[in-house]
K.L.:
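The structure that follows is given in the form of structure tokens.
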Amino acid sequence: MDNYKYGVYGKIGDDIAKNASEAGTAPVYIGTAPVNFLSDYSGKVNVPVKISNLSDAVKKIGHFSDSTKWAKYTLCEAVAAHFANANGNVGPIYVINVLDPDKNKSAAATTKTLTFTNRKATLPALDIILATVAIEDKVLGTDYTLSFDFGTGILTITDIGEQAIETAALSYYTVDHDEITETTVIGGETTDGEITGIAALKLLYQTCNVIPTYLAAPGWSDKKAVYAALVAASQNINGHWSAFVYADLPIEATKTIAAAKKWKDDNSYNSGYSKVFWPQAKNGGDVYHLATLALVEKLRCDLKNGNVPFETDGNKTLAVTGLYFGDGVNLPGFDKQDANELTAHGISTAIYWEGNWRTWGDHTAAYTFGGSHKAREIFDVNMIMLFYIANSFQKEWGTTIDQPMTTALRDTILNREQEKLDGLVAQGALIGSPKVEFLDSNNEESEILNGNFRWDIAATNTPPLKSATGVVCYTDAGFSTYFGGEA
């Protein structure tokens with residue numbers, strides 16, 4: 001069965017708040033959302049959910065703008081970065097929330113005595129599971145209502161019964177965040193068909209009708225097992241699609257550039273299907289993972305370029321005020337020369353240049369200056385464009401499966417794919433003379449007898465301007481016209 005094929009396939013061969021702007025490429029974030037504060041969280045756990053703007057996030061998965069809560073509710077960081085961005089909002093994004101209030105909850109209920117004033121009582125929510133809130137001897141919707149404010153984090157209980165409530169016994173369960181681990185985020189598929197965590201990525205195409213372009217798990221991707229799971233998941237989604245991973249190194253274990261480089265090597269953060277970042281960045285009191293901020297800028301680039309992802313996220317302006325190395329760590333930061341020590345080791349970062357903080361780095365995690373890596377793994381856009389072309393081929397021709405494979409269909413596919421390649425050259429996304437071929441040598445009779453056909457596509461994406469050197473030399477030629485005389 002390993003060689004049996006039925007369908008259209010793509011393969012990477014050997015080397016040769018305000019309204020958000022709507023991009024066509026699709027970032028997918030995996031993590032935890034405050035769905036426990038929603039009255040109904042059905043369909044919001046281990047299922048891809050499309051988020052188009054800030055209010056959409058509050059409605060569908062809940063959202064805290066208070067960054068002190070992002071460590072527990074990691075998807076809020078992605079929502080804020082995309083939809084509360086001073087540089088402009090860009091989306092949509094797709095999120096897979098792994099926090100399940102039915103499973104990740106306290107063993108016993110919390111009880112409190114509420115005192116009502118003017119028929120209202122309030123309390124700080126403190127990870128409350130709203131669906132479990134109950135008042136003794138009272139009926140929700142008949143005797144009282146519940147309202148949670150994500151801005152203040154306050155739960156309001158309003159007495160609507162015929163007889164006013166003065167005091168009442170309240171009970172509720174809370175989220176047990178200790179139960180949410182790397183294993184929860186990685187997830188998997190059980191024998192009875194339950195799909196959780198990163199494994200739920202397989203549901204994106206059928207539920208949202210989009211092909212994943214980028215994967216990220218802020219707050220989790222700096223854990224070795226999660227990073228490995230993201231990379232593994234990115235390479236054959238639904239047996240077809242390829243995506244590119246944005247990940248972070250942990251600031252807790254990497255206080256210096258040398259430590260960051262060593263940690264990356266020791267923990268095998270070196271996949272050409274990924275890009276890794278260090279340290280983090282702050283905007284006032286808010287702290288962001290650089291991978292999240294870079295992915296926002298990548299999406300912005302894609303939108304600008306007609307959703308063709310040929311421009312790197314490197315050297316893009318960030319709405320941040322500085323670098324962040326962790327609580328209590330008072331490092332002065334580093335300059336561009338220091339930053340280049342990181343990028344030369346396949347670690348992207350941020351630098352201050354011309355009045356702004358900017359993303360810095362255009363290499364994949366596989367790159368090391370002077371090291372051994374495939375040519376396609378030098379730049380992030382090399383890999384992303386190969387994925388784009390392969391995914392486009394599969395999407396374009398998926399509906400032709402089971403049609404008679406005539407010479408006319410063969411030539412239709414050849415001509416259309418060549419047209420697409422030529423268009424990418426005209427746009428500046430590819431260089432040279434990319435070509436699609438139907439080679440007899442790669443379409444042997446034994447394969448044709450089984451209905452398997454292959455088209456070979458060779459393409460070179462446009463490399464980024466990684467460096468520019470102006471060589472300035474002294475010359476005495478200017479003296480020939482000095483004071484209007486002759487030398």
Side-chain angles (χ1 to χ4, degrees), residues 12 20-28 81-82 85 87-93 210-216 234 241-247 272-277 281 290-320 336 339-340 343 346-351 353-354 356-367 375-392 420-432 434 457 459-468:
I12 307 303
S21 299
E22 293 272 339
T25 47
V28 183
H82 281 271
N85 194 307
N87 287 346
N89 300 331
V90 60
I93 64 174
V210 295
I211 297 169
T213 315
Y214 311 108
L215 305 182
S234 73
W241 321 119
S242 296
F244 193 74
V245 174
Y246 277 67
Y273 280 71
S274 72
K275 189 172 185 179
V276 299
F277 295 80
L290 279 177
T292 305
L293 297 177
L295 184 44
V296 173
E297 298 313 312
K298 185 68 179 79
L299 204 64
R300 203 186 308 281
C301 290
D302 295 349
L303 176 64
K304 179 184 69 174
N305 294 311
N307 297 315
V308 179
F310 68 94
E311 183 177 346
T312 180
D313 59 74
N315 200 20
K316 302 300 184 292
T317 302
L318 295 174
V320 301
K336 186 164 72 66
N340 285 351
T343 58
I347 302 172
S348 295
T349 186
I351 64 166
W353 192 258
E354 285 294 295
N356 293 291
W357 284 93
R358 310 177 74 89
T359 54
W360 196 247
D362 50 18
H363 296 303
T364 73
Y367 179 83
R376 70 189 187 203
E377 295 177 338
I378 295 176
F379 295 117
D380 50 7
V381 288
N382 288 2
M383 298 296 289
I384 294 169
M385 278 302 294
L386 290 178
F387 299 165
Y388 173 81
I389 294 169
N391 289 346
S392 173
K420 287 157 65 175
L421 293 174
D422 293 342
L424 292 173
V425 172
Q427 186 180 357
L430 299 178
I431 59 175
I457 303 173
T460 306
N461 71 282
T462 306
L465 176 64
K466 187 175 76 68
S467 72

K.L.:
Go through the steps for Glu377 and Tyr367 under the test side chain to side chain contact (heavy atoms under 4.5 Å, CB included), then give the verdict.
P.N.:
CA-CA 7 Å; Glu377 295 177 338; Tyr367 179 83; over 6 Å; no
K.L.:
Which atoms form the tightest heavy-atom contact between Tyr388 and Pro309, and what is the distance?
P.N.:
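It is CD1-CD, 3.4 Å.
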K.L.:
Do Val296 and Asn85 come within less than 4.5 Å of each other through their side chains, counting heavy atoms only?
P.N.:
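The answer is yes, as the side chains (C-beta and beyond) meet within the 4.5 Å cut-off.
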K.L.:
What pairs with Ala339 under side chain to side chain contact (heavy atoms under 4.5 Å, CB included), at least two apart in sequence or on another chain?
P.N.:
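Ala339 satisfies side chain to side chain contact (heavy atoms under 4.5 Å, CB included) with Phe334, Thr349, Ile351, Trp360 only.
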K.L.:
Can you list everything that forms a side chain to side chain donor-acceptor pair (under 3.5 Å) with Asn307? Sequence neighbours excluded, please.
P.N.:
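Scan of Asn307 (side chain to side chain donor-acceptor pair (under 3.5 Å), adjacent residues dropped) gives none.
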K.L.:
Run the salt bridge (charged side-chain N to carboxylate O under 4.0 Å, His left out) test against Lys316 and tell me which residues pass, sequence neighbours left out.
P.N.:
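Counting only residues at least two positions away or on another chain, Lys316 forms a salt bridge (charged side-chain N to carboxylate O under 4.0 Å, His left out) with Glu311.
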K.L.:
Might you work through the side chain to side chain contact (heavy atoms under 4.5 Å, CB included) test for Lys466 and His363, ending with a clear yes or no?
P.N.:
CA-CA 10 Å; Lys466 187 175 76 68; His363 296 303; 3.5 Å; yes
K.L.:
What distance do Asp313 atom CG and Ser348 atom OG have between them, rounded to the nearest 0.5 Å?
P.N.:
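One gets 6.5 Å once the value is rounded to the nearest 0.5 Å.
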K.L.:
Specify the closest pair of heavy atoms between Ala291 and Ala247, including all atoms of both residues, with the distance to one decimal.
P.N.:
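The answer is CB-O, 3.7 Å.
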K.L.:
Measuring only between side-chain heavy atoms, which start at C-beta, is Arg376 closer than 4.5 Å to Leu386?
P.N.:
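Yes - at least one pair of side-chain heavy atoms lies under 4.5 Å apart.
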K.L.:
State plainly whether the residues Lys275 and Asp362 are in salt-bridge range, i.e. N to O under 4.0 Å.
P.N.:
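Salt bridge: no.
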K.L.:
Kindly say whether Phe387 contributes a backbone atom to a donor-acceptor pair with the side chain of Ser242 at under 3.5 angstrom?
P.N.:
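Checked: no pair found.
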K.L.:
With side chain to side chain contact (heavy atoms under 4.5 Å, CB included) as the criterion, how do His82 and Leu299 come out once you've worked through the C-alpha distance, each side chain's angles and the decisive distance to 0.1 Å?
P.N.:
CA-CA 9 Å; His82 281 271; Leu299 204 64; 3.9 Å; yes
K.L.:
Does the side chain of Thr213 reach to within under 4.5 Å of the side chain of Lys298, using non-hydrogen atoms?
P.N.:
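They are not in side-chain contact.
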K.L.:
Going by the rule side chain to side chain contact (heavy atoms under 4.5 Å, CB included), which residues pair with Asn382 if we only count those two or more places apart in sequence or in a different chain?
P.N.:
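Residues passing side chain to side chain contact (heavy atoms under 4.5 Å, CB included) with Asn382: Ile378, Phe379, Asn461.
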K.L.:
Taking the side chain as C-beta and beyond, is there a heavy-atom pair between Ile431 and Val425 under 4.5 Å?
P.N.:
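The answer is no, as the side chains (C-beta and beyond) never meet within the 4.5 Å cut-off.
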K.L.:
With no hydrogens and no angle check, is any side-chain donor or acceptor of Asn305 less than 3.5 Å from a backbone partner on Phe310?
P.N.:
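Looks like no, no N/O pair under 3.5 Å.
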K.L.:
Ala81 and Thr292: which non-hydrogen atoms are nearest, and at how many Å?
P.N.:
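Distance-wise, the nearest heavy atoms are CB-CG2, 3.7 Å.
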K.L.:
Could I get the full list of side chain to side chain contact (heavy atoms under 4.5 Å, CB included) partners for Ala281, not counting sequence neighbours?
P.N.:
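Ala281: side chain to side chain contact (heavy atoms under 4.5 Å, CB included) contacts with Leu290, Leu293, Val320.
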K.L.:
I'd like to know if the side chain of Asn356 and the backbone of Arg358 have a donor-acceptor N/O pair within less than 3.5 Å.
P.N.:
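No, Asn356 side chain to Arg358 backbone: no donor-acceptor pair under 3.5 Å.
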K.L.:
Which of parallel (below 30°), tilted (30 to 60°) and perpendicular (above 60°) describes Tyr246 and Phe244?
P.N.:
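Tyr246 and Phe244: perpendicular rings.
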K.L.:
Is there a side-chain contact between Tyr214 and Ser234, using heavy atoms and a 4.5 Å cut-off?
P.N.:
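The answer is no; the side chains never approach within 4.5 Å.
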K.L.:
Do the non-hydrogen side-chain atoms of Lys420 and Ser392 ever get within less than 4.5 Å of each other?
P.N.:
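A side-chain contact exists here, since the closest heavy-atom pair is under 4.5 Å.
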K.L.:
Using every non-hydrogen atom in the two residues, find where Leu424 and Val308 come nearest and quote the distance to one decimal.
P.N.:
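So the minimum-distance heavy-atom pair works out to CD2-CG1, 3.6 Å.
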K.L.:
Can you name the nearest heavy-atom pair linking Ala365 to Val276, along with the distance?
P.N.:
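Answer, listing the atom of Ala365 first, then Val276: CB-CG1, 4.0 Å.
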K.L.:
Compare all side-chain heavy atoms of Ile389 with those of Ile457 and state whether any distance is below 4.5 angstrom.
P.N.:
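Of all side-chain heavy-atom pairs linking Ile457 with Ile389, at least one is under 4.5 Å.
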K.L.:
Between Asp380 and Thr364, is the side-chain hydrogen bond (donor to acceptor under 3.5 Å, both in side chains) condition met? List the steps.
P.N.:
CA-CA 5 Å; Asp380 50 7; Thr364 73; over 6 Å; no
K.L.:
Can you give me the closest heavy-atom contact between Pro212 and Ala243, atom names plus distance?
P.N.:
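In this case the closest contact between Pro212 and Ala243 is O-CB, 3.7 Å.
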K.L.:
With sequence neighbours excluded, what pairs up with Asp422 under the side chain to side chain contact (heavy atoms under 4.5 Å, CB included) test?
P.N.:
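With sequence neighbours excluded, Asp422 shows a side chain to side chain contact (heavy atoms under 4.5 Å, CB included) to Gln418, given in chain and number order.
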K.L.:
Would you give the length of the straight line joining atom CG of Leu303 to atom OG1 of Thr25, rounded to the nearest 0.5 angstrom?
P.N.:
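The OG1 atom of Thr25 is 8.0 Å from CG of Leu303, to the nearest 0.5 Å.
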K.L.:
Between the side chain of Thr462 and the main-chain N/O of Gly428, is any donor-acceptor distance below 3.5 Å?
P.N.:
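Flag set: sc Thr462 to bb Gly428 pair under 3.5 Å.
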K.L.:
How long is the straight-line distance from CZ of Arg300 back to CG of Leu295, given to the nearest 0.5 Å?
P.N.:
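Here the rounded value is 11.5 Å.
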